[in-house]
Amino acid sequence: LEAGRSCTVVDTGDPLPPGADAVIMIEHAAEIAPGRFEILAATAPWHHVRVLGEDVVQGDVVVPRGRVLTPYDVGALLAAGWSRIPVVRRPLVGLHPTGEELVEPDGPARDEPGAVVESNTRILAGLLRGWGAETRRYAPCADDRDALLAAIRLGLAECDALVVNAGSSAGRDDWTAALIEELGTLIAHGIEVMPGKPTALGVIGEKPVFGLPGYPVSAVVAAERVLAPWVARRLGTHLPERPRARAVLGRKIASKPGNEEVVRVVAGRVGERLSASPLARGAGIISSLSRASALLTIPGTSEGYVAGAEVELELLRPLEEIEAAIVVTGSHDLLLDVCADLLKARDPLLSIASAHVGSLGGLTARARGECHLAGSHLLDPA
């Protein structure tokens, strides 16, 4: 074949010359003279050719509505000729912490007796951004009716929805529910989930107001139950479910019937099964949120689970990481946390899942094959 007469030399991505209907790879041709080629392998019509309309054609739906755009979607839209498209605006959620005891993390009063560093709205802001919303955080508001009234009006004037954190219970300085009812419609005051029960929900001027409890764990659990669904509905998307796995409880968990209870647990694979142990259940124990590898939901009709019961967990971490954890149960030692830190430095996949259930509890769990190691402190009066 002679270039320019019976063939044309092209590069990947070039348009097919008029009259041509196939491409021969350079690996299957030999240049026997300048501009003259010998074909070493046969080809067929339209071989090694990408035809028009192979990807999308006019009338195709490139990306359906109600979908969070991925990098692949952006590429498909650009390839189809769309450089600008209409999207749903991220809702702006105002976050108003309340409480005279609250101080800023770097403020001068953080070390004063009774001061509480304001962390809840930072947690909520991170969760909201992960759900697809934008946030605006306001300075802490005093436990005063008029101050909170002004704060609610300001937040609603500037945002699409407002979260008032703390002041939703029934204490003498808890004004959230009363002010929602005064300014708009109080839809609910109290939800059947623990922690998070004293949650207030309302609408003021067609904008939702979420009165979340002040304890950190309560605020997070309530936000996931009532705030996350609102964001998803506003964006026209759905809430992705966390992956789930079956596990065996290494310790009895008692629960009061009537309210659904969400328990933070640590989990790891011991032998052929996953083992889970509950962490401290206090609504104010924020460390239980960062240490937990999974959640266990106890139905409101149940009084809890006995040790050894098989339960279903919502995983907060990848299953691969949970299965690689070294499960330590029993009496606690601060050295365990140091070991966990050193282990992570050696291999990011490895971790120590430790639960403090006392020496006897640890030894019992080890005897049942529910942990890898059991810590036990020996009493030595001398």
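Owing to the predicted nature of the structure, the values given are computational and were not obtained by experimental measurement.
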Tell me, do [X] and [Y] make a side-chain contact under 4.5 Å, heavy atoms counted?
X: L92; Y: E158; result: no
X: L77; Y: L69; result: yes
X: R273; Y: R246; result: no
X: V266; Y: L279; result: yes
X: E312; Y: T297; result: no
X: L201; Y: F210; result: yes
X: E370; Y: V270; result: no
X: P17; Y: V10; result: yes

Minimal non-hydrogen separation, [X] against [Y], with atom names:
X: A267; Y: A325; result: O-CB, 4.0 Å
X: A245; Y: L274; result: CB-CD1, 3.8 Å
X: I180; Y: A200; result: CD1-CB, 4.3 Å
X: A280; Y: R264; result: O-NH2, 3.3 Å
X: A223; Y: W131; result: O-CH2, 3.7 Å
X: R368; Y: G250; result: NH2-O, 3.0 Å

Using modelled atom types only, decide if a donor and an acceptor are shared between the side chain of [X] and the backbone of [Y] within a distance under 3.5 Å.
X: R269; Y: E272; value: yes
X: H372; Y: V327; value: yes
X: E314; Y: L316; value: no
X: D60; Y: V62; value: no
X: S359; Y: S331; value: no
X: S218; Y: P195; value: no
X: K207; Y: C159; value: yes
X: R129; Y: T135; value: no
X: S302; Y: P299; value: no
X: T98; Y: N165; value: yes

Is there a salt bridge (charged side-chain N to carboxylate O under 4.0 Å, His left out) between E134 and R234 once you walk through the steps?
-> CA-CA 12 Å; E134 295 180 347; R234 179 66 182 260; over 6 Å; no

[X], [Y]: one ILVMFWY side-chain cluster at the under-4.5 Å cut-off?
X: I191; Y: L295; answer: yes
X: L227; Y: V217; answer: yes
X: Y305; Y: V357; answer: no
X: Y138; Y: L212; answer: no
X: I298; Y: V265; answer: yes

Has [X] got more than 12 heavy atoms of other residues, nucleotides or ligands less than 6.0 Å from its [atom1]?
X: E303; atom1: CD; result: no
X: E192; atom1: CD; result: no
X: K344; atom1: NZ; result: yes
X: R233; atom1: CZ; result: no

Distance-only polar pair, side chains of S354 and R291, donor-acceptor under 3.5 Å =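 Judged by distance alone, the side chains do pair up.
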
Would you sort out whether L349 and E323 count as a side chain to side chain contact (heavy atoms under 4.5 Å, CB included), showing the intermediate values?
-> CA-CA 10 Å; L349 182 62; E323 291 191 330; over 6 Å; no

Output the distance between atom [atom1] ([X]) and atom [atom2] ([Y]), rounded to the nearest 0.5 Å.
X: I152; Y: T176; atom1: CD1; atom2: OG1; result: 6.0 Å
X: E181; Y: I187; atom1: CD; atom2: CD1; result: 11.5 Å
X: Y215; Y: N120; atom1: OH; atom2: CG; result: 11.5 Å
X: T237; Y: L239; atom1: OG1; atom2: CG; result: 6.5 Å
X: L343; Y: L336; atom1: CG; atom2: CG; result: 11.5 Å
X: L124; Y: L95; atom1: CG; atom2: CG; result: 6.0 Å

Before giving the answer on side chain to side chain contact (heavy atoms under 4.5 Å, CB included), spell out for L183 and R153 the whole-Å C-alpha distance, their side-chain angles and the decisive distance to 0.1 Å.
-> CA-CA 9 Å; L183 298 172; R153 284 174 170 163; 3.8 Å; yes

Criterion side chain to side chain contact (heavy atoms under 4.5 Å, CB included) on T199 and R225, from CA distance to verdict = CA-CA 10 Å; T199 295; R225 295 302 177 94; over 6 Å; no

Once the angle between the rings of H28 and H48 is folded into 0 to 90°, is it parallel (under 30°), tilted (30 to 60°) or perpendicular (over 60°)?
->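 The arrangement is tilted - the two ring planes meet at 30° to 60°.
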
Any chance you could lay out the side chain to side chain contact (heavy atoms under 4.5 Å, CB included) test for W82 and V63, step after step, and finish with the verdict?
-> CA-CA 11 Å; W82 291 94; V63 178; over 6 Å; no

